[in-house]
Amino acid sequence: MSDKLSLIKRRLYRLLPASLTNRIFAVYTASLLLFVVGGLVSFLDYEFRKQIEETQASSVMLLEVVAQSVQDSVVIGDYDTVQRVLRKGVQGSVFATAMFKDTTGATVIARSHENPVNKAPAFLMQWVKDRLDDVNRPITVGGKDYGFLRLEYDADAVASDLWSVSELVLGAGLVSLIAGLLLIRWALAFS
């Protein structure tokens, strides 16, 4: 048993840099890597959660505005106007689809035609989809139910925005890490 322990110690000792300068550089590299990665993970976690909260908050406001805008048209049965309002509501928003379904089953659907520029990885799109549920609101005027309004999130666009931020932050972190390592290597070379 002691022979195996001795063998392990010798192998681990060979992994250590030979000079004090290289050992200092290795410790600095490990600690800088730990701090940069920890900081990036913390920042991205905060940014992702903030983006989801802001998306949900803006959806409540947009839903109320669209619902107020379509009420009069729904009462008189002017579904062309409902279609135009829904189309304007989803354009440039975090929603892919807006739908009004009346009590008779008639449906008016408007889709956003914007495609995300930066495609996010599948795991991030799934993470966003799991956190964003469709938003529903009944349309009731004077105590009479006329149907409901449903807004479906554009999870791909939200995920693409998050991925863009992630790429920027990860790039800045990598550049900072490399610059820090080059700087300490240069300083240790003159000691």
Side-chain angles (χ1 to χ4, degrees), residues 27-71 73-74 82-101 107-140 146-184:
V27 167
Y28 178 79
T29 300
S31 61
L32 185 62
L33 188 62
L34 179 72
F35 289 128
V36 168
V37 169
L40 288 174
V41 167
S42 297
F43 175 77
L44 288 175
D45 179 60
Y46 167 77
E47 190 64 31
F48 284 12
R49 292 181 194 284
K50 184 179 118 193
Q51 179 71 27
I52 294 296
E53 288 172 6
E54 287 176 359
T55 299
Q56 289 171 335
S58 69
S59 71
V60 171
M61 290 184 285
L62 182 63
L63 181 66
E64 287 303 316
V65 168
V66 171
Q68 293 297 321
S69 300
V70 299
Q71 278 182 347
S73 299
V74 166
V82 172
Q83 176 75 34
R84 282 193 301 275
V85 170
L86 294 180
R87 195 176 314 120
K88 286 181 181 180
V90 295
Q91 294 305 316
S93 72
V94 294
F95 293 104
T97 306
M99 177 186 76
F100 171 75
K101 188 170 189 174
T107 304
V108 178
I109 297 175
R111 300 187 196 294
S112 175
H113 298 291
E114 297 178 13
N115 292 326
V117 176
N118 185 9
K119 197 72 171 162
F123 77 89
L124 185 58
M125 285 194 281
Q126 188 60 46
W127 184 85
V128 169
K129 285 177 185 175
D130 291 344
R131 280 153 183 76
L132 295 177
D133 295 325
D134 294 346
V135 183
N136 297 301
R137 184 183 185 284
I139 303 295
T140 306
Y146 286 91
F148 67 92
L149 181 64
R150 171 176 285 171
L151 299 176
E152 179 185 315
Y153 285 102
D154 190 354
D156 293 343
V158 174
S160 290
D161 289 346
L162 289 173
W163 186 245
S164 296
V165 169
S166 300
E167 287 178 328
L168 180 67
V169 168
L170 292 172
L174 183 63
V175 167
S176 298
L177 179 66
I178 291 170
L181 291 176
L182 290 174
L183 184 64
I184 193 67

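None of these values were measured; they are calculated from a predicted model.
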Gap separating the [atom1] atom of [X] from the [atom2] atom of [Y], nearest 0.5 angstrom:
{"X": "Leu162", "Y": "Lys50", "atom1": "CG", "atom2": "NZ", "result": "10.5 Å"}
{"X": "Ser59", "Y": "Glu64", "atom1": "OG", "atom2": "CD", "result": "10.5 Å"}
{"X": "Gln71", "Y": "Tyr146", "atom1": "CD", "atom2": "OH", "result": "10.0 Å"}
{"X": "Leu86", "Y": "Ser112", "atom1": "CG", "atom2": "OG", "result": "12.5 Å"}
{"X": "Leu174", "Y": "Leu170", "atom1": "CG", "atom2": "CG", "result": "8.5 Å"}
{"X": "Leu62", "Y": "Ser69", "atom1": "CG", "atom2": "OG", "result": "9.5 Å"}

Minimum heavy-atom distance between [X] and [Y], given as atom pair plus value:
{"X": "Leu124", "Y": "Ala159", "result": "CD2-O, 3.5 Å"}
{"X": "Ser58", "Y": "Val94", "result": "OG-CG2, 4.2 Å"}
{"X": "Val82", "Y": "Val74", "result": "CG2-CG2, 3.9 Å"}
{"X": "Ile109", "Y": "Met99", "result": "CG1-CG, 3.8 Å"}
{"X": "Ala120", "Y": "Met125", "result": "O-CE, 3.3 Å"}

Return a table of donor-acceptor pairs under 3.5 angstrom between the side chains of residues 128-135 and protein atoms on other chains or two or more places apart.
{"from": "Asp130", "atom 1": "OD1", "to": "Gln126", "atom 2": "NE2", "distance (Å)": "2.9"}
{"from": "Arg131", "atom 1": "NH1", "to": "Trp127", "atom 2": "O", "distance (Å)": "3.1"}

* State, with a plain yes or no, whether a side-chain heavy atom of Leu177 is found less than 4.5 Å away from one of Val37. => no
* For Gln91 and Lys88, run side chain to side chain contact (heavy atoms under 4.5 Å, CB included): C-alpha distance rounded to whole Å, both residues' side-chain angles, the deciding distance at 0.1 Å, then the answer. => CA-CA 5 Å; Gln91 294 305 316; Lys88 286 181 181 180; 6.0 Å; no
* **Ring center gap for Phe95 and Tyr153 short of 6.0 angstrom** => yes
* For Val108, which of Lys101, Gln83, Arg87, Arg84 qualifies under side chain to side chain contact (heavy atoms under 4.5 Å, CB included)? -> Gln83
* Leu40 and Val36: side chain to side chain contact (heavy atoms under 4.5 Å, CB included), yes or no, with the steps? -> CA-CA 6 Å; Leu40 288 174; Val36 168; 3.9 Å; yes
